[in-house]
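First up is the structure itself, then whatever we jot down about it.
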Amino acid sequence: MAQNAPFSSDTLMDLLRTVQDPQTGLSLASAGRLESCTVDDGGRLTLTLGVAREQAPALSALCDAAAQKLQTLPNITKATIILTAHRPAGAPEPAAGQTASAAARPASAPAGGAGGHRPLGGPAPAPGTPVLPGVKTIIAVASGKGGVGKSTTAVNLAVGLGMEGLRTGLLDADIHGPSLHRMMGAKGKPDVVEGRLQPMQAWGICAVSLGMLVDEKAAMIWRGPMVMGAINQLLSDVDWGELDVLVVDLPPGTGDAHLSLTQKVPLGGAVIVSTPQDIALIDARRGVTMFEKLHVPVLGLVENMSYFCCPNCGHNTELFGHGGARREAEAMGVPFLGEVPLLADIRASGDSGVPLVIGAPNSEGGKAYRAIAHTVATAIQASAH
């Protein structure tokens, strides 16, 4: 055990033993293996436990109460417990290319059902069975860096595709910062039927976000294998039904979630979101390159925050430059999908839970998102023939 904390393993495990599952008597101490414990200069303790994959859902429900116990230790201001889920001892190694789905399972939210403690997962599918047999096309929305409006674009694109007449689903795969539940105005927790999570219906589409299953104050501190396991569950353990298109909002950058998704399902295309400024376009270029290496067609680039339209005089100000994404798209030989202005209405729509294409369809931003959705819908329908 790697440890720089001034506490013995026995002290830590004794505290964890005091929090038990009322039904099974299971505790983090009895079922977990202490892997590391660190305390930073501010008194923040981080404890990592290795647990069996099948016990992770039940154990994750004990973490908050157990963390409170750890905070009673001398000079500890805050405690965080991280579960890393491992395959059972003696289980076969995952097959090559399937590490993301077999090696680990997330220890928190995807394991919780409507009550937060009910494990997901119906009967295991037969080998070779498609993960999403009822979904015709899967589209990823990605960005090279955060803060460029990727999730806002994903929401309005998905709802816009629904308005184009396509049966559409929206999956929030931004594991570390799930926000689509708030942007869609989805409240409460989704139901679980026969071990499968039921997507919530909003604005003509169905949607699932990790934010529907966890406390908004919870910090998603997950290692790579757990991120990959979460993506697997959000695909396999959700009853997506029959869809023309599933829009997946990926985390910023190029990492585990992107590889997990492309290994698990065939992507029909990717939409890259960027702002016009050079520093954002550098990262957008990396995103395009990544999808090209993964043999995923890039449907095009979206230039978000393209210009600021003054609500008083109507004058356009190019705060981040203008036209950079269009020029970059031309240079890389990928389509340019359109420009979306920087508007207060777009920010307000995300906070209110009413997508701009619904709440202000005739605004500059609403028209831009509808045009992008129409272009993507046309590409989807063309590829189906």
Side-chain angles (χ1 to χ4, degrees), residues 131-132 134-143 148-175 177-186 190 197 199-212 230-231 234-235 238-252 257-258 260-262 264-273 287 291 296-302 304 335 337-338 340 349-350 353-358 366 368-384:
V131 175
L132 298 171
V135 179
K136 295 179 180 178
T137 303
I138 303 170
I139 301 298
V141 178
S143 64
V148 298
K150 169 185 56 63
S151 294
T152 301
T153 300
V155 166
N156 284 280
L157 172 61
V159 176
L161 290 173
M163 297 170 75
E164 292 287 323
L166 299 178
R167 294 171 298 177
T168 305
L170 176 62
L171 168 59
D172 188 356
D174 194 345
I175 299 300
S179 59
L180 296 195
H181 63 293
R182 178 70 73 91
M183 299 173 76
M184 290 289 291
L197 198 69
M200 300 188 77
Q201 305 292 322
W203 311 116
I205 69 171
C206 62
V208 167
S209 169
L210 198 61
M212 299 174 181
I231 299 296
L234 291 173
L235 290 170
V238 174
D239 187 8
W240 288 106
E242 300 290 328
L243 295 176
D244 294 314
V245 58
L246 176 64
V247 176
V248 182
D249 178 31
L250 286 170
H258 307 72
S260 299
L261 186 65
T262 54
K264 195 69 178 177
V265 295
L267 285 180
V271 173
I272 309 295
V273 182
F291 283 113
V296 176
V298 176
L299 299 178
L301 263 65
V302 173
N304 195 29
L337 296 177
V340 180
S349 70
V354 181
L356 194 70
V357 292
I358 296 290
Y369 283 129
R370 281 303 307 273
I372 292 169
H374 178 74
T375 301
V376 173
T378 301
I380 292 172
Q381 292 164 344
S383 64

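By convention here, the first residue in the shown sequence is residue 1. The basis for the numbers below is simple: all heavy atoms, side chains too, and nothing from hydrogens, waters or symmetry mates.
- Side-chain contact between L235 and V248: absent, with no pair of heavy atoms (C-beta onward) separated by less than 4.5 Å.
- Side-chain contact between Y369 and L157: absent, with no pair of heavy atoms (C-beta onward) separated by less than 4.5 Å.
- When every heavy atom of V357 is checked against every heavy atom of G366, the shortest pair comes out as CG1-O, 4.0 Å.
- Judged by distance alone, with hydrogens and angles left aside, the side-chain atoms of K150 form no donor-acceptor pair with the main-chain N or O of D249 at under 3.5 Å.
- Shortest non-hydrogen contact noted between G162 and T168 is N-OG1, 3.5 Å.
- Under the 4.0 Å criterion applied to side-chain N and carboxylate O atoms, R370 and E164 are assigned as salt-bridge partners.
- Between the side chain of W240 and the backbone N or O of P199 there is no donor-acceptor pair closer than 3.5 Å.
- Qualifying side chain to side chain donor-acceptor pair (under 3.5 Å) partners for N156, counting only residues two or more places apart in sequence or in other chains: none.
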Audit row: L132, L246, side-chain contact (heavy atoms from CB on, under 4.5 Å) steps and yes/no: CA-CA 10 Å; L132 298 171; L246 176 64; 3.8 Å; yes
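- A heavy-atom distance below 4.5 Å is not found between the side chains of S143 and T153.
- Of the listed residues (L299, V273, L170), just one forms a side chain to side chain contact (heavy atoms under 4.5 Å, CB included) with V141, and that residue is V273.
- The only member of D239, L243, L171 that meets side chain to side chain contact (heavy atoms under 4.5 Å, CB included) when paired with C206 is L243.
- Side-chain contact between K136 and R167 is present, with heavy atoms from C-beta onward closer than 4.5 Å.
- In this structure, L180 CG and S209 OG are separated by 5.5 Å, a value rounded to the nearest 0.5 Å.
- For the pair Q381 and L166, the minimum side-chain heavy-atom distance is below 4.5 Å.
- When each of V247, D244, I139, I205 is tested with L161 by the rule side chain to side chain contact (heavy atoms under 4.5 Å, CB included), just one qualifies, namely V247.
- Using a 4.5 Å heavy-atom threshold, the side chains of I372 and V340 count as touching.
- Contact detail for L250 and A142: the closest heavy-atom pair is CD1-CB, 4.4 Å.
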